Amino acid sequence: MTSPRPDTRAGEPQATFVVELAAFNGPLDLLLSLIRDEKLDIYDIPIARICEQFLARMHELALNDAAEYLEMAARLLRIKALMLLPRHESDEGWEDPRAELVRRLLEYQQMREVVDLLERRGEDRRNRFARAWSPTLMAPPQAPLALSLAELLVAVDRVLRAVKKPGMHDVVPRALDVDGAIAIVKAVLALRATARWRDVVRADAEPWEVLSALLALLELAKRSELKLAQPRPFSDVEIRRELAGEAA
Amino acid sequence: MNSLAKLLEAALFASPRPIPAEELAVLDEDSSKAAIAAALEELREHYDVDGHGVELVEQGGGWQILTRPEYTEAIERAQMAVRPSRLSAAALESLAIIAYRQPIGRAEIAEIRGVDVGAILKSLLERGLIEVTARGEGLGRPLLYGTTPLFLEMFALRHLEELPRVDELAIALRRSGSDTESDAPALPEPAPKAAPDAVGASAVAVPA
Amino acid sequence: MNSLAKLLEAALFASPRPIPAEELAVLDEDSSKAAIAAALEELREHYDVDGHGVELVEQGGGWQILTRPEYTEAIERAQMAVRPSRLSAAALESLAIIAYRQPIGRAEIAEIRGVDVGAILKSLLERGLIEVTARGEGLGRPLLYGTTPLFLEMFALRHLEELPRVDELAIALRRSGSDTESDAPALPEPAPKAAPDAVGASAVAVPA
């Protein structure tokens, strides 16, 4: 593999040219280069060490504000934390927290190999000119079109399918129905003491319904009629009936 | 051929316009005017004596390599005979929207399709399938597009009312889809008249 | 050269793009496929043996005459033709993913590259290297992209199958890496086998 750094092949600036400001083509590129520089085994990455170095390089390259790098940093920290958790020899279901990262790195590396190939072939082609001008033939007439009504109708059908309601351009603003959502939440909590987000919002809810439910939950929490809790980041929100609120 | 003649051949081939002799000299600073002239002569003779489909001529203010006239007819004929191009799926969708909603502006089409349609409208205009039929109200008085008589002709329609209504569409589709088996309509001629034959599904190929 | 070879030469000279063999066959209905192939071979050999500034290559889905690389610098210096600008590494990465995984949506490309690719896709579309080939299922029916014939042409590929298959990737690189300057030691074990759904596990092909 050749160097992943684009500055070695940045080429001459052109109108449609995509200028890569960062020294790397993204967090995976940076990570792969660290692994390579340190001659590490990609299947057994010392995660604490690589995490530290990743953060250091981010800082060095002033990438601290780049969302993609931040996301990767967070991911590395999380894997590092998971690796520290104690586990038993007999823990059959244990999956290496690094597995997903390794898969992505391998995938990215393969893609880099293809890039190297394209780069060589592209450079070879760039060094040859094609015929630029055909003076004996005036601008060639446009090739005739093959059209059929059936084709057009299939296209109409595709459009109709893509747009559920053809009148999409005159969208009627849909007011939020917080009161309705409050009624639903209360009804659910009347039946059981705890509920989950899924219990109060349909899986195929439209945005206005989701927003209504969210506002309803916050409103009821404010009124101390329920309590919201999230045991772990990204886990389901628990909705618990608050007896104090009912009494009040 | 000597290497200067080869260089001149490559340059004349790659240049989009005839090149005057003085400019050809820039290609190789070490070569004299006489050497350039000799190399051009060698190239011309090579094309003539050796039997090539092209020839070297000096005209239009410079030197150029041209296809020999005896082949131009065959080439032009072949170009016409090339498989007719087809509209891309994206172009067909835009055309369908315009046919059913005319007059309609670019922004509205873009909204329905979810992507910008500037380039597609340009190509449909160039092909004469749509035209500007009015200007809308509002900011900048946007151009509104409609279909042309050529559109009707290409789809073998007498008038726009012959397009199935949206609620009849499913039936129309079933009807026209029934005699579809080959999606490779290698039609030797445009033949748009034969309307509901190869639906070609969405194998609609690259736009010209 | 025989007259068929001359006719083919004239046609190839007249075209800025590669011409597929089927289209060359249209030039002379009386010639068999074998005769066309033989004439192409004769033309290629003539350019090679006789010493020309151009050569005949088969790539980009067809046959094309191109200048030989040794003259590129002189021609560009004399400003008779301009080479297209290089693609950025980021653009090449996206292109590689699209080539193997087409049709593929923006979100999936971004996922593999680890960065957003909106601006890059726009520039690849503008350059005509990719095109929208379909719409995906699911939310918003995302646009799916595929490579164009121009992609093949600009990367000197005959067809998409010429790209190494995923399980051959490590091998292909080791072979060609030996004669390029490999400044970075390969990873301990690229072993793509271990990543069953890595880049193009879903088969290399799907020609446009």
Side-chain angles (χ1 to χ4, degrees), chain A residues 1-6 9-14 16-20 25-29 32-33 35-36 39-43 68 72 102-104 106-134 136-137 158 161-162, chain C residues 13-17 64-69 72 75 81 83-93 95-97 99-100 112-116 119-120 123 126-127 135 141 154-157 163-164 166 169-170 172-173 176-177 180 182-190 192 194-195 198-199:
Chain A
M1 291 191 67
T2 51
S3 159
R5 283 157 207 84
R9 55 168 147 244
E12 48 278 28
Q14 284 273 335
T16 59
F17 198 66
V18 185
V19 182
E20 201 68 6
N25 290 320
L28 288 167
D29 192 11
L32 209 51
S33 122
I35 290 170
R36 200 160 33 218
K39 299 189 165 49
L40 300 177
D41 180 358
I42 199 167
Y43 293 101
E68 296 115 5
M72 178 57 77
V102 170
R103 188 193 65 75
R104 286 188 68 191
L106 287 173
E107 185 176 55
Y108 184 77
Q109 191 198 257
Q110 280 195 329
M111 189 269 308
R112 294 282 337 169
E113 293 182 9
V114 178
V115 166
D116 288 344
L117 178 117
L118 289 181
E119 218 166 25
R120 277 196 309 278
R121 295 291 200 95
E123 197 53 22
D124 182 53
R125 176 60 184 80
R126 245 170 54 82
N127 286 328
R128 295 154 192 271
F129 292 114
R131 180 67 160 163
W133 173 56
S134 35
T136 51
L137 306 170
R158 276 202 308 271
R161 277 174 209 271
Chain C
F13 249 81
S15 168
R17 304 289 312 276
Q64 189 175 25
I65 298 175
L66 295 175
T67 60
R68 290 183 194 273
T72 302
I75 293 171
R83 284 191 285 179
S85 61
R86 276 197 196 91
L87 285 178
S88 70
L92 278 171
E93 286 189 3
L95 205 46
I97 294 168
Y100 274 83
I112 297 173
R113 285 203 50 223
V115 289
D116 183 57
I120 285 169
S123 125
E126 273 167 9
R127 280 172 172 256
R135 293 193 87 133
R141 311 215 50 222
M154 295 322 280
F155 290 93
L157 296 165
L163 286 172
V166 167
L169 264 180
L173 255 173
S176 57
T180 53
S182 66
D183 53 356
L187 286 185
E189 232 185 313
V199 178

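Every value quoted in this text rests on a predicted model; they were computed, and no experiment measured them.
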Salt bridge flag under 4.0 Å for residues Arg86(C) and Glu123(A)
yes
Which residues pass the salt bridge (Lys or Arg N to Asp or Glu O under 4.0 Å) test with Arg68(C), not counting sequence neighbours?
Asp48(C), Glu55(C)
So, [X] side chain and [Y] main chain: donor-acceptor pair closer than 3.5 Å or not?
{"X": "Arg83(C)", "Y": "Asn127(A)", "result": "no"}
{"X": "Arg131(A)", "Y": "Ser15(C)", "result": "no"}
{"X": "Arg121(A)", "Y": "Ala156(C)", "result": "yes"}
{"X": "Arg113(C)", "Y": "Asn25(A)", "result": "yes"}

Quick one: closest heavy-atom pair of [X] and [Y], and the distance?
{"X": "Ile112(C)", "Y": "Tyr108(A)", "value": "O-CD1, 3.7 Å"}
{"X": "Leu117(A)", "Y": "Pro164(C)", "value": "CD2-CD, 3.9 Å"}
{"X": "Pro16(C)", "Y": "Ala130(A)", "value": "O-CB, 3.6 Å"}

Heavy atoms, side chains only, cut-off 4.5 Å: are Leu28(A) and Val115(C) in contact?
no
For the residue pair Arg126(A) and Thr72(C), establish whether any side-chain heavy-atom pair is separated by less than 4.5 Å.
no
Can you list the residues that meet the side-chain contact (heavy atoms from CB on, under 4.5 Å) rule with Asp124(A), with sequence neighbours excluded?
Arg128(A)
So CD1 of Ile97(C) and CD of Gln110(A): to nearest 0.5 Å the spacing works out to 11.5 Å
How many angstroms lie between atom CD of Glu119(A) and atom CG of Leu95(C), to the nearest 0.5 angstrom?
11.5 Å
